[in-house]
Visitor: 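Can you read through this structure? Questions will come right after.
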Amino acid sequence: RDHAGSALQQGLLSEADLNLAIKRVLKASFRLGEFEGNKSVAAKLLGPEHVDSPEHQALALRAAEESIVLLRNQDGLLPLDSSGMKFAFIGPHANATRDLLSGYEGQNLLVNSHSPLQAARAMGLQVTYERGHGNINDGNRSLIPAAVATARAADVAVVFLGMSSPACEGESHDRGAITLPGAQEPLLEAVLQAQPRTVLVLVGGGQLAVEAARHCQHCAVLYAFYPGELGGDAIV
């Protein structure tokens with residue numbers, strides 16, 4: 001938009017290509033009714049009551065549930081029989097809220113009460129929580145021992161690791177590596193040694209290389225992507 005005129009003058013852009021681009025934009029605008037007044041544009045008739053309605057929340061939950069990918073399931077660890085089982089929720093995303101939304105999410109308050117930990121407790125599960133990690137890029141390992149103790153005392157450890165947008169990735173913020181940032185890999189290694197029955201839940205928007213998960217003997221691995229406002233419920 002800002003440089004089309006200069007590009008035309010320099011011969012970097014032809015008038016035919018410019019006209020084609022304009023035609024496509026105008027065609028879409030006509031199809032949306034943008035030139036016919038507000039009453040013909042369906043989106044302009046929506047009010048606050050239509051935003052994040054119960055129907056939309058149900059769809060968000062279903063989309064999150066159906067998007068989660070099971071990458072590994074050693075010894076058939078999943079699905080878990082949660083009755084009477086003690087869980088350890090560990091990792092920077094175990095109690096995550098807004099980090100489940102990724103980018104371009106707009107204002108969302110529902111997610112603030114639907115982290116994986118909050119969802120598990122709402123379901124009545126026996127859960128102990130130890131973050132075991134600082135912020136997503138923090139390489140400090142001082143919190144790992146407490147997480148290891150929590151994992152050892154549980155029947156199953158669920159470790160929530162991954163990325164965060166825009167802290168780790170996003171528009172104009174490409175990752176320079178596909179490994180986990182901070183001290184997440186050492187955290188996972190330590191938990192796996194203490195509690196072989198571990199479920200790893202990955203959050204992120206792209207590929208992740210997790211070396212410790214390749215060699216675990218009794219673990220399961222889920223990729224939840226950025227699961228949205230009810231992603232915590234979907235994971236649990």
Side-chain angles (χ1 to χ4, degrees), residues 1-2 24-25 28-69 89-125 127 129-138 158-176 180-182 184 201-208 222-236:
R1 182 186 64 183
D2 297 329
R24 289 169 175 165
V25 171
S29 296
F30 274 113
R31 292 182 65 183
L32 289 170
E34 293 288 349
F35 300 107
E36 308 300 327
N38 287 353
K39 291 186 178 180
S40 66
V41 182
K44 291 184 177 180
L45 300 178
L46 299 177
E49 70 276 7
H50 296 100
V51 178
D52 205 23
S53 65
E55 293 79 9
H56 293 166
Q57 292 177 12
L59 180 59
L61 177 60
R62 178 184 171 190
E65 290 173 340
E66 296 185 5
S67 298
I68 296 172
V69 178
F89 273 31
I90 295 167
H93 287 314
N95 198 29
T97 54
R98 305 202 66 80
D99 278 339
L100 303 181
L101 297 178
S102 77
Y104 298 104
E105 76 276 5
Q107 184 179 17
N108 189 295
L109 301 179
L110 180 65
V111 73
N112 293 335
S113 58
H114 286 272
S115 72
L117 178 64
Q118 290 168 324
R121 287 176 172 168
M123 292 174 59
L125 300 182
V127 183
Y129 166 60
E130 190 65 52
R131 184 178 173 92
H133 198 279
N135 66 52
I136 204 74
N137 290 310
D138 190 353
V158 187
V159 184
F160 297 81
L161 306 178
M163 312 303 289
S164 175
S165 178
C168 301
E169 59 187 2
E171 183 177 355
S172 301
H173 188 186
D174 294 337
R175 286 190 274 141
L180 291 168
Q184 294 185 74
V201 180
L202 294 170
V203 173
Q207 66 272 27
L208 288 169
L222 296 171
Y223 202 136
F225 300 94
Y226 289 114
E229 63 181 7
L230 292 175
D233 296 62
I235 293 168
V236 176

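We're numbering straight along the sequence, starting at 1.
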Visitor: Taking all non-hydrogen atoms of both residues into account, name the closest pair between V236 and P116 and its distance.
Guide: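 Of all heavy-atom pairs spanning V236 and P116, the closest is CG2-O, 3.4 Å.
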
Visitor: Would you give the length of the straight line joining atom CD1 of I90 to atom CG of L117, rounded to the nearest 0.5 angstrom?
Guide: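 Nearest 0.5 Å value for the CD1-CG distance: 11.5 Å.
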
Visitor: Among residues at least two apart in sequence or on other chains, which ones pass salt bridge (charged side-chain N to carboxylate O under 4.0 Å, His left out) with E130?
Guide: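 Scan of E130 (salt bridge (charged side-chain N to carboxylate O under 4.0 Å, His left out), adjacent residues dropped) gives none.
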
Visitor: Taking all heavy atoms of N137 and all of P181, pick out the closest pair and write down the distance.
Guide: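 Taking every non-hydrogen atom into account, OD1-CB, 3.4 Å.
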
Visitor: Please identify each residue that fulfils salt bridge (charged side-chain N to carboxylate O under 4.0 Å, His left out) with E55, with sequence neighbours left out.
Guide: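 Expected list: none.
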
Visitor: Drop me the distance from C168's SG to D174's CG, to the nearest 0.5 angstrom.
Guide: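 Interatomic distance, C168 SG to D174 CG, rounded to 0.5 Å: 13.0 Å.
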
Visitor: By ring pair (Phe, Tyr, Trp, His ring centres under 6.0 Å), which residues pair with Y129, not counting sequence neighbours?
Guide: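 Y129 satisfies ring pair (Phe, Tyr, Trp, His ring centres under 6.0 Å) with no residue once adjacent residues are dropped.
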
Visitor: Please report the interatomic distance CG(L202) to CG(L161), rounded to the nearest 0.5 Å.
Guide: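 Here the interatomic distance stands at 6.5 Å.
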
Visitor: Nearest heavy-atom pair of F35 and S29: which atoms, and what distance?
Guide: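 Scanning both residues completely, I find the closest heavy atoms to be CE1-CB, 3.5 Å.
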
Visitor: Side chains of N95 and R131, heavy atoms from C-beta outward: is any pair under 4.5 Å?
Guide: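 Answer no - side chains too far apart.
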
Visitor: Step by step, would you call M163 with L208 a side chain to side chain contact (heavy atoms under 4.5 Å, CB included)?
Guide: CA-CA 9 Å; M163 312 303 289; L208 288 169; 3.5 Å; yes

Visitor: Between the main-chain N or O of N108 and the side-chain N or O of E229, is there a donor-acceptor pair closer than 3.5 Å?
Guide: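 Between the backbone of N108 and the side chain of E229 there is no qualifying donor-acceptor contact (under 3.5 Å).
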
Visitor: Sequence neighbours left out, what passes ring pair (Phe, Tyr, Trp, His ring centres under 6.0 Å) with Y226? Give chain and number order.
Guide: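 Residues passing ring pair (Phe, Tyr, Trp, His ring centres under 6.0 Å) with Y226: none at all.
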
Visitor: Looking at P92 and Q184, what are the two nearest heavy atoms and their distance?
Guide: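 For P92 and Q184, the tightest heavy-atom pair comes out as CG-OE1, 3.8 Å.
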
Visitor: Could you note down all residue pairs passing salt bridge (charged side-chain N to carboxylate O under 4.0 Å, His left out) where residues 101-117 supplies at least one of them, sequence neighbours left out?
Guide: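 Listed once each, the pairs are R98-E105.
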
Visitor: Return yes if some donor-acceptor pair links the side-chain N/O of H133 with the main-chain N/O of D138 below 3.5 Å, else return no.
Guide: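 Between the backbone of D138 and the side chain of H133 there is a qualifying donor-acceptor contact (under 3.5 Å).
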
Visitor: Can you name the nearest heavy-atom pair linking G162 to I136, along with the distance?
Guide: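 Here G162 and I136 meet closest at O-CD1, 3.5 Å.
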
Visitor: Identify the heavy atoms of P227 and I235 that sit nearest to each other, and give their distance.
Guide: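 In this case the closest contact between P227 and I235 is CG-CD1, 4.4 Å.
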
Visitor: Apply side chain to side chain contact (heavy atoms under 4.5 Å, CB included) to residues D52 and L110 and explain how you reach the verdict.
Guide: CA-CA 9 Å; D52 205 23; L110 180 65; 4.0 Å; yes

Visitor: Do side-chain atoms of Q118 reach the backbone of H114 as a donor and acceptor pair under 3.5 angstrom?
Guide: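 Confirmed, Q118 side chain pairs with H114 backbone.
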
Visitor: Using modelled atom types and a 3.5 Å cut-off, is there a donor and acceptor pairing between side-chain atoms of S165 and backbone atoms of E169?
Guide: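 Side chain of S165 to backbone of E169: a pair is present.
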
Visitor: Enumerate donor-acceptor pairs with a distance under 3.5 Å from any side-chain N or O in residues 61-69 to protein atoms, sequence neighbours excluded.
Guide:
{"residue": "R62", "atom": "NE", "partner": "E66", "partner atom": "OE2", "Å": "3.0"}
{"residue": "S67", "atom": "OG", "partner": "A63", "partner atom": "O", "Å": "2.6"}

Visitor: Check whether any side-chain heavy atom of V203 lies under 4.5 Å from a side-chain heavy atom of L100, and answer yes or no.
Guide: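 Sidechains of L100 and V203: in contact.
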
